[in-house]
Amino acid sequence: MRTIGVDSIPLAGLVAAFIGAVSAFQTRYQLLPGVPLSTVGWIVRQMIILELGPLLTALVLAGRVGARMTAEIGTMRVTEQIDALETLAFDPVAYLIVPRLLAALVMLPLLTILADAIGIASGLGISVFAAGVPMDEFTTGLRLTFIPFQVFYSLIKATLFGGAIALVCSYEGFITEAGAEGVGRSTARAVVISSVIILMLDALIALYLAPLLQ
Amino acid sequence: MRRRDEVLVGILVTIALAIGIGGTLWLARRGFGSTYPLHARFAWGAGLKNGQSVLLAGLHVGTVSEIEFNQGGWLDVTMDIEEKRKIPEGTTATVTQLSLFGDKAIALTPTTPSTNMISPGDTVPAGKATPTLDDMMFRVDSLMRGVSDVTEKIEFEFVEGGGIADMRRTMASANRLVNQLSDVAAVQSRNLTLTMASVRRTLGSVDSTVVDSTLRNMRTTSENMTVLTGNLKGTMQRLDSVAAQLENGNGSAGKLLNDPALYDNARALLARMDSLMADLKRNPKKYINLKIF
């Protein structure tokens with residue numbers, strides 16, 4: 001939990017801050033004349049909470065935490081530590097994978113909450129201080145059509161992404177072969193596969209849950 | 001896990017949950033300030049969404065918090081109004097459009113000044129709906145159709161019906177008329193110029209000393225006439241006095257006019273004079289004895 005959650009805060013926060021700022025800038029300067037400025041707040045909130053917050057946090061963690069998981073377990077596999085656990089009658093899945101899975105399932109949503117908050121705060125700051133959007137207009141847009149389910153939608157995605165990262169990366173580590181080279185190959189493959197699965201899950205969640213947002 | 005890791009994870013969980021719950025409530029409740037509910041009912045198709053502004057006389061006082069679909073053709077809308085904003089009785093609610101892009105809000109409009117305020121939970125009566133963008137587009141569309149019809153008719157009349165040729169002929173006639181009028185005006189202008197020059201010459205030939213002398217004579221004549229008028233007035237007054245005396249029988253003339261005896265004597269005298277004259281004619285020698293030698 002420390003590794004997945006606490007240590008990932010700076011990276012996830014940095015990514016969220018930049019995404020919020022860029023979203024606000026792009027939205028502000030793409031607005032047609034006559035469109036209310038509150039639209040900036042509304043679009044930033046929708047982009048951050050519904051899509052970019054959970055997705056980018058998961059992708060970043062897939063690279064940072066998933067690769068580490070695969071490398072750790074893969075190294076244990078090639079150095080026969082897992083075989084030793086099995087010899088000592090320990091269940092390696094319960095001992096190595098389940099804690100990581102639980103940590104990812106818990107920490108991804110928490111990091112997503114922080115990323116959403118940082119992204120929106122960054123968008124607000126950029127809009128108000130650099131893009132000429134009044135604070136009232138931004139907060140009006142921020143609250144426009146908001147329903148609490150949007151936050152749950154974001155957390156559901158983050159939880160599923162966390163589970164996917166932990167499972168894919170642990171599995172790839174678990175099946176690592178051929179020494180150090182195999183560890184590197186497994187790590188790269190784990191990051192790629194988990195990223196693709198995250199994107200596929202994102203599409204599926206949008207397909208099945210997005211109608212509930214209306 | 002080491003104790004330090006446990007503390008850090010605990011802090012992360014606490015902060016994340018606090019931000020998640022607090023942020024959700026802040027967004028969903030439109031801030032942490034206390035509010036009170038008011039209700040309104042609008043026809044279907046009003047275009048409202050949760051979170052849209054509620055304006056009191058143009059000032060943001062709350063937000064739309066809930067929209068219930070009513071099968072009777074209505075939308076039952078709940079508004080969260082800021083506690084410090086009170087809505088006077090007699091206020092009406094309308095759905096108004098904030099921009100050309102369909103951004104809506106509920107406008108609360110007080111119709112009359114009132115010190116009584118609407119109680120929390122009451123329903124604000126709906127006012128007369130303002131035209132929506134669709135209404136305006138429909139009107140513009142019908143207007144454009146009308147303009148198109150008129151344009152077609154004008155085209156038919158002017159192009160196919162020979163209206164443009166008629167107008168050209170009319171314009172040519174008007175140009176000729178204008179030219180003729182211009183010639184007439186030029187002639188009249190020349191005549192007027194000559195007349196004015198003649199008048200100037202006449203005025204120049206008038207001797208001002210003769211005019212002065214004539215004016216002095218006229219002034220003297222006028223003064224004489226004034227004196228004459230005064231004399232005539234005096235004469236008339238005297239005549240009036242004489243006539244009055246005659247009427248009153250004063251003086252010899254008055255008595256002559258007013259005394260019947262004198263009249264009778266005069267008639268008798270005349271009668272005797274007539275007989276005397278008759279006798280004179282008959283017997284002239286009786287009265288005239290002319291001796292020359």
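Since we're looking at a predicted model, the values are computed, not measured. Chain naming here is simple, since letters A, B, ... match the order of the sequence lines and numbering starts at 1 in each.
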> What's the verdict on side chain to side chain contact (heavy atoms under 4.5 Å, CB included) for B/Thr63 and A/Thr140, showing C-alpha distance, side-chain angles and the deciding distance?
Replying inline: CA-CA 9 Å; B/Thr63 50; A/Thr140 298; over 6 Å; no
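Nearest approach of B/Ala16 to A/Ile113, heavy atoms of both residues: O-CG2, 3.1 Å.
Residue-environment remark: CE (A/Met135) stays at or below the threshold of 12 foreign heavy atoms within 6.0 Å. Shown here is A/Arg64, whose CZ atom has more than 12 heavy atoms of other residues, nucleotides or ligands within 6.0 Å. Within a 6.0 Å radius of OH in A/Tyr171, no more than 12 heavy atoms belonging to other residues, nucleotides or ligands are found. The environment of CZ in B/Phe69 is crowded: more than 12 heavy-atom neighbours from other residues, nucleotides or ligands sit within 6.0 Å. A 6.0 Å sphere centred on CZ of A/Phe152 holds no more than 12 heavy atoms belonging to other residues, nucleotides or ligands.
There is no contact between A/Thr112 and chain B, counting heavy-atom distances below 4.5 Å. Only the side chain of A/Leu114 has a heavy atom closer than 4.5 Å to any heavy atom of chain B. Neither the backbone nor the side chain of A/Leu155 has a heavy atom closer than 4.5 Å to any heavy atom of chain B.
Using a 4.5 Å heavy-atom cutoff, the side chains of A/Phe149 and B/Thr24 are not in contact. With contacts defined as side-chain heavy-atom distances shorter than 4.5 Å, the pair A/Leu110/B/Leu17 qualifies.
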